[in-house]
Number of protein chains: 2
Amino acid sequence: MTSPRTAGTAPRSALTRARVLESAVDLADREGLGALTMRSLARELGIEAMSLYHHVANKEDLLDGVVDVVAVEIQDAVARLEPLADDAPRSAWRTATRRQILTARAVLLRHRWASTVLETRKTFSLPVIRYYDSLIGLMRHGGFSYDLVHHAMHALGSRALGFSQELFEPDGATAGSAGGGATEGADDAATAMLMQMAEQVPHMVEMLAAVSHEDGAGSTLGWCDDQSEFEFGLDIILDGLDRLAEREQH
Amino acid sequence: MTSPRTAGTAPRSALTRARVLESAVDLADREGLGALTMRSLARELGIEAMSLYHHVANKEDLLDGVVDVVAVEIQDAVARLEPLADDAPRSAWRTATRRQILTARAVLLRHRWASTVLETRKTFSLPVIRYYDSLIGLMRHGGFSYDLVHHAMHALGSRALGFSQELFEPDGATAGSAGGGATEGADDAATAMLMQMAEQVPHMVEMLAAVSHEDGAGSTLGWCDDQSEFEFGLDIILDGLDRLAEREQH
DNA sequence: ACCTGAACACCGTTCAAGT
DNA sequence: ACCTGAACACCGTTCAAGT
């Protein structure tokens, strides 16, 4: 004689903070960060918007929590890596660090909105700090002084977490799809603009010609933040740091 | 018998796109990016919000324009630098590049909101492209192949424009100041948190202790994106690039 | 205790109307 | 042509009320 909902033992869907955050991550994965509003998240969960405030303090807190979910995912992936043996040579810090960062990157590539949210957090998050802590540990293995570690973190910046700050990445779809068609045909306006101002920015035009020549088909105009470019920048920094660590050893 | 307003020759304040953008930059400088809304900007100019739409297509266009204003300011500052002589040695590219980037940084430090807006632009802007073009020119002087230039731009990322992606920068005031005082005393909660979890993140705690020990008074907990840290990261990358360019020369 | 509906103070933007 | 006021479709959030 219980209601159909409570027929089983579990109340079927006791709303918890964890469930709210999980659902928020899903929503952002599917429809982008712009689609993650208190109202749309509530609709997703089949409840009223105001009910969310029982599990998160406000939207800022929701975003904090959602970053934590991703950070935990990163930490889980990193924990699955083979740990650096205590008797490994000093130089092993470099490959281990490289691997950890690329592991974090792989997770962030599954949640493309996450880096944006990560940037705007102004408070420390335990899962993120633990990620950094393991990075610091690897550098200590590499013989880094704490001072050099500190500089290294600044030098890496967001690269420490697996993403780089790309100006002008070509992504496309962002906001709502409705709206009028007033400014249509602006797609390759950039290309046309570049051509017409060849004499204003000669080096840029030649570089783009040379680069797109070289790697043929897949190359779009503009900056292409693919894996190899990320690794190129990462390796330059790791090499530089390794040299400095070596110098610290006398 | 003209109205008092049109007594002189000039109509006193014909609203133009330039004036709108200028005022938007001022507003963002004074009160932050969050305070830059169509409505507040209109109030600033003493007009109605809807009148703005005669000079900018929409808010996105306003932000595009506001970035252009800053980019032009950067280009002006860069143009005032002593140009690289044609017969300067190959290695001169490095100091010239360094100087240009630090010049751009100085401008961005006067408009701290600008980097955030810059990141979110998805369309090329002529003033920004011209800035990049001059950077490319310097690298070409350094003997870079266009391919290496392309990699270099990726490696520099936002550093090319003078800012670095700092996770967790300590800034403070962001949103509105009113509101209730529910969660007071959360200021140094981060410090307390770090202390209590010393065994969870041992390297982090030790690093912070070592670093704050060293530079005494001015150091706040966390990451301190000051000028020297920026230059540290920049120099590592420039050194790495120079080595690669040297190698390309055989 | 958890959830709700109505309401408030904001957004960006459309539209028909003024001069 | 330029500017306006009212209105629309959204936000995040407060508050008093339901169970």
Side-chain angles (χ1 to χ4, degrees), chain A residues 2-3 5-6 10-21 23-24 27-28 31-66 113 117 120 174-183, chain B residues 2-6 10-21 23-24 27-28 31-66 113 116-117 120 174-183:
Chain A
T2 55
S3 90
R5 290 239 146 139
T6 52
R12 185 171 178 284
S13 73
L15 199 55
T16 66
R17 180 179 169 95
R19 256 176 53 83
V20 167
L21 297 181
S23 188
L27 183 55
E31 305 184 21
L33 195 56
L36 178 57
T37 69
M38 298 300 272
R39 284 171 153 94
S40 66
L41 177 57
R43 197 180 314 122
E44 189 84 359
L45 287 161
I47 60 171
E48 221 64 21
M50 307 319 137
S51 306
L52 290 171
Y53 286 85
H54 274 268
H55 302 98
V56 295
N58 47 40
K59 176 134 193 207
E60 206 62 8
D61 185 38
L62 173 69
L63 293 177
D64 284 347
V66 122
W113 47 270
V117 183
T120 60
T174 301
S177 50
T183 57
Chain B
T2 55
S3 91
R5 290 238 146 142
T6 53
R12 187 174 174 279
S13 74
L15 199 55
T16 66
R17 180 180 169 97
R19 257 175 54 83
V20 167
L21 297 180
S23 188
L27 183 55
E31 306 184 20
L33 195 57
L36 178 57
T37 69
M38 298 299 273
R39 283 170 154 94
S40 66
L41 177 57
R43 197 180 313 123
E44 189 83 359
L45 287 161
I47 60 168
E48 221 64 21
M50 307 318 138
S51 306
L52 289 172
Y53 287 85
H54 273 270
H55 302 98
V56 295
N58 46 40
K59 177 135 193 206
E60 205 62 9
D61 184 39
L62 173 69
L63 293 177
D64 284 346
V66 122
W113 47 270
T116 306
V117 184
T120 60
T174 301
S177 51
T183 56

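So you know, we letter chains A, B, ... as the sequences are listed, proteins then strands, and number each from 1.
In this structure, the CG atom of Leu62(B) is 14 Å from the C1' atom of dC11(C), given to the nearest Å. One interatomic measurement links the two molecules: CD of Glu48(A) to P of dG12(D), which rounds to 14 Å at whole-angstrom precision. With rounding to whole Å, Leu36(A) atom CG is found 17 Å from dC10(D) atom P. Rounding to whole angstrom units, CG of residue Leu63(A) and P of dT13(D) are separated by 10 Å. Atom CG in Leu52(A) sits roughly 11 Å away from atom C1' in dG12(D) (whole-Å rounding). We find that CG of Leu33(A) is positioned 11 Å from P of dG12(D), with the value rounded to whole Å.
Between Leu63(A) and Thr120(A) the shortest side-chain heavy-atom distance does not fall below 4.5 Å. A 4.5 Å side-chain heavy-atom check between Leu52(B) and Leu62(B) finds every atom pair outside the cut-off. Contact of the Val20(A) side chain with the His54(A) side chain is not registered, since no non-hydrogen atoms from C-beta on lie closer than 4.5 Å. A heavy-atom distance below 4.5 Å is found between the side chains of Arg17(B) and Asp61(B).
For DNA chain C, runs of at least 3 consecutive pairs of the Watson-Crick or G-U wobble type, with both hydrogen-bonding distances under 3.5 angstrom, map to C:4-8 with D:12-16, C:12-16 with D:4-8.
Summarising the geometry, atom CZ belonging to Arg43(A) is positioned 10.5 Å from atom CD belonging to Glu48(A); distances are rounded to the nearest 0.5 Å. To the nearest 0.5 angstrom, Leu15(B) atom CG is 7.5 Å from Ser51(B) atom OG. Taking CD1 of Ile47(B) as the reference point, atom CG of Leu41(B) lies at 7.0 Å (rounded to 0.5 Å). Between the NZ atom in Lys59(B) and the OG1 atom in Thr37(B) there is a gap of 6.0 Å [rounded to 0.5 Å].
Ser51(B) comes within contact range of at least one nucleobase, with a heavy-atom separation under 4.0 Å.
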Which atoms of nucleotides 15-19 of chain D (N or O only) lie under 3.5 Å from a protein N or O atom, and what are those distances?
none

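Position along DNA chain C of the nearest nucleotide to Arg39(A) versus Ala49(A) favours Ala49(A) as the more 5'-ward residue.
At a non-hydrogen distance threshold of 4.0 Å, Tyr53(B), Asn58(B), Lys59(B) from residues 53-60 of chain B come into contact with DNA chain C.
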